[in-house]
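Atoms within a ligand are numbered from 1 in the order they appear, just like the ligands themselves. By convention here, the first residue in the shown sequence is residue 1.
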Amino acid sequence: MTTTLYTNARVFTATDAAAGAVDARTWAEAVLVDGSTIAWVGAAADVPSIPAPDRTVDLGGRLLMPGFTDAHVHLVMMGAALAQVNLDDARTLPEIQERLRSARDAAPDAERIWGRGWLFDAVPGGRPTAAMIDEAVGDLPVFLDANDYHSCWVNAAGLEALGITRDTPDPLGGEIVRDAAGDASGLLLETAATEIAWAYRDRITSDDDRDAAADRAIDSYLAAGVTGVVDMMLDEHNLAALQRASARHGGELPIRVAGHWLVENRGDDAANLAQVARAAELAAASASHWLRVIGIKLVLDGVIDACTAAMRHPYSDGSNAGPIWPLEQLTPVVVAADAAGLQIAQHAIGDRASDIALDALERAIEVNGDRPRRHRIEHLEYAAPETPARMARLGVTASMQPVHSDPAIFANWAAMLGDERVERAFPWPEYEGAGALLAFGTDAPTAPYAALANMYVATTRASALDPRVPATHPQFALPIERALGHATRDAAASIGDGSWRGRIAPGFAADLIVLDRDPFVDGPASLLEARVAETIVAGESRYRAE
Ligand SMILES: [Zn+2]
C-alpha cells in the first residue's frame with residue numbers, strides 16, 4: 001500500500017469543534033495517509049520519519065480538511081437538472097420566457113423542454129399559467145419544475161401530454177390548480193407534480209439518460225469537494241442507475257452514496273408497509289460502503305413558499321395545509337421501519353409536520369423498545385421553539401440546508417408566514433444549543449449543490465445567489481469551524497459513519513479536500529470565491545483543478 005505524507009498544510013481536522021471549541025486537536029500541519037486510511041495526524045515537527053513515506057506532497061500552506069458529506073441530495077435528479085433549462089436566477093417572467101425561447105432555438109429537434117428552478121416571486125402574482133409559457137414556446141410540451149421541486153408548471157401542450165383535462169381528479173396530497181372556469185391552469189402542486197408530471201418523465205427517460213445524469217452528478221460533486229452524499233429519493237430507477245454507475249467503476253463509486261428509499265402514502269397500510277419491506281430487503285442486500293440503502297424517506301408536508309407545508313397556525317392568507325402523512329397512516333410505517341433497523345428520514349418543513357414526525361417516532365420507541373437508532377428530520381424550516389430539545393431527547397438528527405435560507409429567496413417565504421414566525425427561520429444555533437445533531441446539506445437540485453457556497457450562507461446568512469441582497473437573521477450565522485463541522489463530521493455521523501469518516505483522525509477514511517483559499521484566515525466572504533483544488537476519496541485523487 002502506498003503511503004502519502006501531506007505536509008506544510010493548514011489541517012482543519014473537524015475534531016472537537018462541535019461546541020465551537022477550537023482546541024489543539026482541531027488543527028494540525030501534516031497528515032500521513034496509508035492506502036485508503038489516515039494513519040497519522042500531527043505537527044510538522046512530529047512527522048514520523050520511519051518508515052519514510054512513498055510520496056510527500058507539499059501543500060504550500062493551503063487548507064486541508066475533511067471532504068464534505070452532503071446530508072440531503074437527490075443525486076440522479078440533480079444530474080438531470082444540470083442538463084435542463086436553468087431558471088433559478090431568472091427574476092421576472094420575461095426573463096423566464098427569454099430563456100425558454102433560447103432553449104427552443106438551441107434545440108430545434110427537441111420533443112419537449114424541461115426546465116427547473118423557477119421561483120414564485122418571479123411570476124406575476126405568484127400565479128403561473130400555461131398561457132405564460134405558450135407566449136414563449138407553444139409548439140411543444142414544456143415542463144418547469146419549481147425551485148423547491150414541489151410544483152410543476154406546464155404549458156398547454158404539456159397538459160395535453162400528461163393527459164390532464166378538466167375532468168382529471170386531484171391526486172391524494174396534491175392539486176391540479178384550476179382557473180375560474182374549472183380548467184387546469186398549468187400549475188401542478190405536490191403529488192399532482194410528482195405522480196403525474198414526474199411519472200410521465202420516468203416513462204420517457206431512458207436508462208442512458210439516467211446513466212449520464214448519475215455521472216454528471218458525481219463529477220460535479222467531486223469538483224465541489226463532496227466525498228459522500230445521502231440520497232433522499234431512491235426508487236427503482238435511480239437505484240438501478242447508481243448500481244450501473246457502481247459497476248462501471250468496478251464496484252466502487254467515486255463518492256460514497258448512502259440512500260433512503262422513498263415511501264409514498266398510497267392511502268392504504270398494506271401498500272405502505274410493502275414499500276418498507278422493499279427498503280428493508282434492499283438494505284439487507286447492501287454490502288458496500290460505496291452504495292448503500294440505509295433507510296426510508298417520508299415526505300410529510302410540502303413547502304412554505306407554496307403554502308403546502310403543514311403549520312400549527314394558518315398562513316398569512318388564512319389558509320393551511322394538511323399533512324401528506326396523517327399520524328394514523330404514518331405510525332405503522334414508522335414503527336415497522338424502526339423495527340427493521342432502517343433509518344427514518346422525514347421531510348417536515350412546517351411545525352405541525354415536525355410534531356407529527358416526532359409523535360410517530362415516540363410511538364415507535366414505545367413499541368419497539370430500546371435499540372440503537374438514529375432517525376432524522378429533513379428541513380425543519382419552521383419548527384416550534386420546543387422542538388430542538390424534543391429532538392435532542394429522542395436522538396433525532398436535524399438535517400438542514402443553509403442554501404434554503406438564502407436571503408435572495410426569502411421574501412416570499414416570509415410573506416407566506418407573515419408574522420413573528422419569520423424571526424425563527426432556520427435557527428441552527430437552537431439545535432446546537434439543545435444538543436441535537438445538526439447535519440448540513442444542500443437538497444440539490446432544489447438548491448445549488450456547491451458545498452462552499454452553502455458554507456457561505458451558513459456563516460453569513462447573506463446570499464450566495466445575489467450579493468446585492470442584504471443578510472437576513474445574521475444572529476443565526478455560525479462560526480466557520482461549526483458550519484464546516486456540521487457539513488463534514490456531523491453529516492457523516494447522521495448516517496452512522498461518525499466513527500470512520502468525516503474527520504481527519506487516525507483510522508478514519510482518507511476523504512480529504514484541499515482549498516485554494518483559507519476562509520479561517522480570509523474570512524467567510526472568501527467562501528464564495530474559494531475553489532476546491534483537489535478532492536481525495538479513500539486516499540485516491542478523484543478531482544484536481546486545472
Ligand atoms: Zn429533498
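Ring geometry for H150 against H347 counts as tilted: the plane angle lies between 30° and 60°, on a 0 to 90° scale.
Under the 4.0 Å criterion applied to side-chain N and carboxylate O atoms, D351 and R421 are not assigned as salt-bridge partners. Salt bridge R390/D359: present, at least one basic N to carboxylate O contact under 4.0 Å.
Considering OG1 of T308 and OH of Y315, their distance stands at 6.0 Å, rounded to 0.5 Å.
Counted by atom type alone, W413 and E381 present one or more donor-acceptor pairs between their side chains at under 3.5 Å.
Around the Zn ion (ligand 1), protein N, O or S atoms at less than 2.8 Å comprise H72 NE2, H74 NE2, D443 OD1.
The side chain to side chain donor-acceptor pair (under 3.5 Å) check on T69 picks up R501, with sequence neighbours excluded.
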